[in-house]
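Presented below is the structure to which this report refers.
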2 protein chains.
Amino acid sequence: MRLSTKGQYAVRAMLVLAMREAEAPIALRQISELEDISAQYLEQIFVDLRKAKLVEGVRGASGGYRLARPAEQITAGDILRAVEGPIAPVECVLHGDEEACGRAHICITRELWKRLRDSMSAVLDTTTLADMAAGRLFTGETREV
Amino acid sequence: MRLSTKGQYAVRAMLVLAMREAEAPIALRQISELEDISAQYLEQIFVDLRKAKLVEGVRGASGGYRLARPAEQITAGDILRAVEGPIAPVECVLHGDEEACGRAHICITRELWKRLRDSMSAVLDTTTLADMAAGRLFTGETREV
DNA sequence: CATAATCCTGAGTGATTTGCTCAGAATAAA
DNA sequence: TTTATTCTGAGCAAATCACTCAGGATTATG
Ligand code: FES
Ligand code: FES
């Protein structure tokens, strides 16, 4: 029941961008040094983030990455889904393709997994980069949904 | 962010025991057939469940396993912790050894992972085998803590 | 008592995932 | 034109997963 390092790194990298929002793009190399994450591994992560339209890459010298939208509009859930796939404790309860599992009608544990999934999503989808950057998590004032 | 099959199997196996509580012990072979799970894999799982004192094994012919305490007193969290280790999205926020991570004092994401961990625990620790066996999850009446 | 049914123990194993590295092309500022 | 960067795709060692295999220990039952 652990997140991969990829997911953790992605959130940390996005926070670096969030804290310097609206300035010039930030080179991946800088993020790598600031957060002490392998630059080449970060590159892979940014492939996913870019595909999910969470960041924009600016090529060429003095290029880098910037958030594709304001930090208030990017949640931890967005980031984790981009790099780790759907948030669900078991495959049976992937959101979207409801009833993916053949045993669904007889499965007595299904409701538990749904609850677990929803409680995880509830946290991740209501916590934005802006919330974290502002340290707002400590006082309980996360974004309302 | 997926549970292993081991965790899922463990919950299903425990539910078989819960639904026949107070009767004679149930052989692992029966559980295997009922739930369509490899008997030899189940044996491994029951090693963990027994170590965690969630089940008792009865040896010899017509032996088997039974719950070590009433189904009302065994939660999904108990079972998952027994077979999958602590419930935590990242190692940094393992309950018990608080401050396991050196970066804890500067880590801006830590609070997020704690919240995530707590919301997962909240669901898993308030859902008992009895709740699931009774289909009580569908109406929202789980055990209070 | 002998036998069969069960739990119990420990090792082994192929497939998949994780957590990276390596090499180099494409693009654009300086 | 040089240099700094993103972008692309492959490769790989180590760990984890989802089991299997082999056999010993224990006890009800015939
Ligand atoms: S096994 Fe798929 S819904 Fe439970
Ligand atoms: S990196 Fe360990 S607490 Fe955040």
Side-chain angles (χ1 to χ4, degrees), chain A residues 1-13 16-17 23-68 80 82-86 89-91, chain B residues 1-13 16-17 23-68 80 82-86 89-91:
Chain A
M1 218 32 182
R2 299 281 141 77
L3 221 50
S4 70
T5 59
K6 203 172 172 184
Q8 300 176 54
Y9 290 171
V11 175
R12 282 164 57 189
V16 171
L17 298 187
E23 291 172 28
I26 299 175
L28 188 139
R29 170 59 81 78
Q30 288 181 57
I31 303 175
S32 158
E33 281 165 7
L34 281 170
E35 291 292 321
D36 198 37
I37 300 169
S38 149
Q40 304 204 265
Y41 193 25
L42 263 184
E43 266 175 359
Q44 276 190 56
I45 292 171
F46 273 85
V47 167
D48 293 332
L49 294 174
R50 195 163 48 80
K51 277 187 187 153
K53 299 221 163 59
L54 295 177
V55 298
E56 290 167 350
V58 180
R59 286 174 155 216
S62 80
Y65 289 96
R66 67 164 69 96
L67 297 183
L80 292 181
V83 300
E84 304 230 313
V90 303
E91 289 199 353
Chain B
M1 222 27 188
R2 298 283 141 76
L3 222 51
S4 69
T5 58
K6 203 171 172 184
Q8 299 176 54
Y9 290 171
V11 175
R12 281 165 58 191
V16 171
L17 298 187
E23 291 173 27
I26 299 176
L28 188 140
R29 171 60 80 76
Q30 288 181 57
I31 303 176
S32 159
E33 282 166 7
L34 280 170
E35 290 293 320
D36 198 35
I37 299 170
S38 149
Q40 304 204 266
Y41 194 24
L42 263 185
E43 264 174 1
Q44 275 192 58
I45 293 171
F46 273 85
V47 167
D48 293 332
L49 294 174
R50 195 163 47 81
K51 278 185 188 156
K53 298 220 163 63
L54 296 178
V55 298
E56 290 168 349
V58 181
R59 287 176 154 214
S62 80
Y65 289 96
R66 68 165 70 96
L67 297 184
L80 293 182
V83 300
E84 305 230 312
V90 305
E91 288 199 355

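Atom set for the values below is all heavy atoms of this structure, side chains included, hydrogens, waters and symmetry mates excluded.
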* Is any side-chain N or O of A/Y9 closer than 4.0 Å to OP1 or OP2 of C/dG19? -> no
* Asked: Between A/L49 (CG) and D/dT6 (C1'), how many Å, whole number?
  -> 14 Å
* To do: Please check the phosphate of D/dT5 (OP1 and OP2 only) for any side-chain N or O of A/Y65 closer than 4.0 Å.
  => no
* Asked: Counting only side-chain N and O atoms of A/S62, is one of them less than 4.0 Å from OP1 or OP2 of C/dA29?
  -> no
* A/Y65: which of A/I26, A/V16, A/L42, A/L28 passes side-chain contact (heavy atoms from CB on, under 4.5 Å) -> A/L28
* Asked: Should B/S38 be listed as having a side-chain N or O under 4.0 Å from OP1 or OP2 of D/dT20?
  -> yes
* Asked: Taking the nucleotide of DNA chain D with the closest heavy atom to each, which residue, A/R50 or A/G63, is nearer the 5' end?
  -> A/G63
* Asked: Could you state the CD-C1' distance from A/Q40 to D/dC12, rounded to the nearest angstrom?
  -> 13 Å
* So which one's nearest nucleotide on DNA chain C is more toward 5', A/A39 or B/G57? -> B/G57
* Asked: Under 3.5 Å, is there an N or O donor on one side and an acceptor on the other linking the side chain of B/E43 and the base of C/dC7?
  -> no
* Asked: Starting at CZ of B/R2 and ending at P of C/dT16, how long is that distance when rounded to a whole Å?
  -> 17 Å
* Asked: Could one point to a donor on the side chain of B/Q44 or the base of D/dT20 with an acceptor on the other under 3.5 Å away?
  -> yes
* Once you round it to whole Å, what is the distance between P of D/dT5 and CG of A/L42? -> 15 Å
Using atom types as modelled, flag every donor-acceptor pair under 3.5 Å from a side chain in residues 43-59 of chain B to any protein atom, sequence neighbours excluded.
| residue | atom | partner | partner atom | Å |
| --- | --- | --- | --- | --- |
| B/D48 | OD2 | B/K6 | NZ | 3.1 |

* **B/R29 CZ to C/dA5 P, straight-line distance once rounded to whole Å** => 10 Å
* Asked: Atom CG of B/L28 and atom P of C/dT6: how far apart are they, to the nearest Å?
  -> 10 Å
* Asked: When the distance from CZ of A/F46 to C1' of D/dT6 is rounded to whole Å, what number comes out?
  -> 11 Å
* For the side chain of B/E84 and the backbone of B/S4, is there at least one donor-acceptor N/O pair under 3.5 Å apart? -> yes
* State whether B/R66 places a side-chain N or O below 4.0 Å from either non-bridging phosphate oxygen (OP1 or OP2) of C/dC7. => no
* Rounded distance (nearest 0.5 Å) linking atom CE of B/M1 with atom CE of A/M1 -> 5.5 Å
* Drop me the distance from B/Q8's CD to B/I37's CD1, to the nearest 0.5 angstrom. => 9.5 Å
* To do: Could you state the atom-to-atom distance from CD1 of A/I45 to P of C/dT21 in whole Å?
  => 11 Å
* Structure fact -> Closest to the side chain of A/R59, out of D/dC7, C/dA29, C/dA5, is D/dC7
* To do: Please tell me which of B/A61 and B/E56 maps to the more 5' nucleotide of DNA chain C, matching each residue to the nucleotide holding its nearest heavy atom.
  => B/A61
